[in-house]
Amino acid sequence: QSALTQPASVSGSPGQSITISCTGTSSDVGSHNLVSWYQQHPGKAPKVMIYEVSKRPSGVSNRFSGSKSGNTASLTISGLQAEDEADYYCCSYAGSSTYVVFGGGTKLTVL
Amino acid sequence: QVQLQESGPGLVKPSETLSLTCTVSGGSISSYYWSWIRQPAGRGLEWIGRMYTSGSTNYNPSLKSRVTMSVDTSKNQFSLKLNSVTAADTAVYFCAREWSTYRFDPWGQGTLVTVSS
């Protein structure tokens, strides 16, 4: 069982927006603005899409945005495109004993 | 740009030690954290641990008793050893650079390690 809870799957049609939630606790997501999101296509390595809750690395489309409220972080993808279909994982710093925890992953299907 | 490449045996026998190396190219290994992350087939990501080029390490508490990480700055490589492996350790193992803000970027392509007799 993963430390962070994500929905197993979400779906949306091209052009629509979707949001993936990532629920943790006051020891991880709730205590630190150190949440990151990763996109993983089948057979590929994960790629960082968001870091420090809402920052986008250079080269990542501004259709991807992140936010946080309490113990829940969220990834929003607007203007869905076929290429966005992938698995998405959230990740958070969890303090100086546990350090890093991941979510179980969410499979995004573009209908 | 920095690129990472994992290498090591793809098959390890139960109770033996899994050993992997990550070679960093396109930049210096110095002054960064470097991490190992694994992913069993069809499942999610699990952080194994990280090390700084000074040699300091932090490990996942659930694996800490079996993990050792090391770095060879002269070769721009860092390594993972996981002892007493079982079938549960079968996974794709990724190496990645870990920034001070706990983001992983870039990643290696991953290497599948199967634990089987």
Side-chain angles (χ1 to χ4, degrees), chain A residues 1-9 20 22 24 27-29 31-60 66 73 75 86-107, chain B residues 1-7 20 22-25 32-52 56-65 67 69 80 88 91-113:
Chain A
Q1 186 170 353
S2 301
L4 305 179
T5 301
Q6 298 180 232
S9 63
I20 299 172
C22 170
S27 296
D28 39 63
V29 173
S31 292
H32 314 281
N33 289 326
L34 295 172
V35 176
S36 51
W37 289 90
Y38 300 85
Q39 176 192 66
Q40 186 180 34
H41 288 108
K44 300 295 186 182
K47 172 188 174 184
V48 63
M49 307 303 284
I50 295 288
Y51 66 100
E52 292 180 52
V53 176
S54 59
K55 296 180 179 179
R56 268 190 316 274
S58 174
V60 171
L75 173 71
D87 293 326
Y88 291 85
Y89 293 91
C90 62
C91 176
S92 176
Y93 175 63
S96 59
S97 295
T98 305
Y99 290 98
V100 174
V101 289
F102 282 95
T106 298
K107 181 176 179 60
Chain B
Q1 70 203 37
V2 172
Q3 294 183 311
L4 287 72
Q5 178 68 59
E6 306 88 350
S7 59
L20 295 174
C22 182
T23 301
V24 179
S25 59
Y32 283 102
Y33 282 99
W34 301 92
S35 287
W36 289 95
I37 296 159
R38 68 181 183 179
Q39 184 174 36
R43 297 178 61 184
L45 301 166
E46 179 180 34
W47 180 76
I48 299 171
R50 66 174 184 168
M51 70 174 305
Y52 194 66
S56 67
T57 55
N58 302 113
Y59 299 139
N60 185 323
S62 69
L63 298 170
K64 186 175 182 178
S65 63
V67 173
M69 293 183 184
L80 167 71
V92 174
Y93 286 74
F94 296 99
C95 58
R97 182 171 64 184
E98 182 180 329
W99 296 73
S100 59
T101 53
Y102 296 91
R103 91 182 201 235
F104 301 97
D105 178 40
W107 297 58
Q109 65 183 26
T111 187
L112 174 63
V113 179

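In what follows, chains are A, B, ... by sequence order, proteins preceding strands, each numbered from 1.
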Practice task
Say whether, by atom type as modelled, one donor and one acceptor occur between the side chain of A:Y38 and the main chain of B:L45 under 3.5 angstrom.
Solution key: no

Problem - Heavy-atom contact with chain B under 4.5 Å, split by part of A:Q6 - result: neither

Practice task
Mind checking side-chain contact (heavy atoms from CB on, under 4.5 Å) for B:Q5 and listing every partner two or more places apart, or none if nothing turns up?
Solution key: B:Q109

Testing the basics here: between [X] and [Y], what is the closest heavy-atom pair and its distance to 0.1 Å?
X     : Y      : value
A:L34 : B:T101 : CD2-O, 3.6 Å
B:P61 : A:S97  : CG-O, 3.3 Å
A:P46 : B:W107 : O-CD1, 3.3 Å

Problem - A:F102 side, atom CZ; B:I37 side, atom CD1 - distance, nearest 0.5 Å - result: 4.0 Å

Problem - Side-chain heavy atoms of A:Q40 within contact of B:Q39, under 4.5 Å - result: yes

Handout entry: Ring centre gap for B:W99 and A:Y51 strictly below 6.0 Å
Key = no

Completion exercise
Under a 4.5 Å heavy-atom criterion, the part of residues 87-94 of chain A in contact with chain B comprises A:Y89, A:C91, A:Y93

Handout entry: Greatest number of heavy atom pairs closer than 4.5 Å to chain A - which of B:W47, B:F94, B:Y59
Key = B:W47

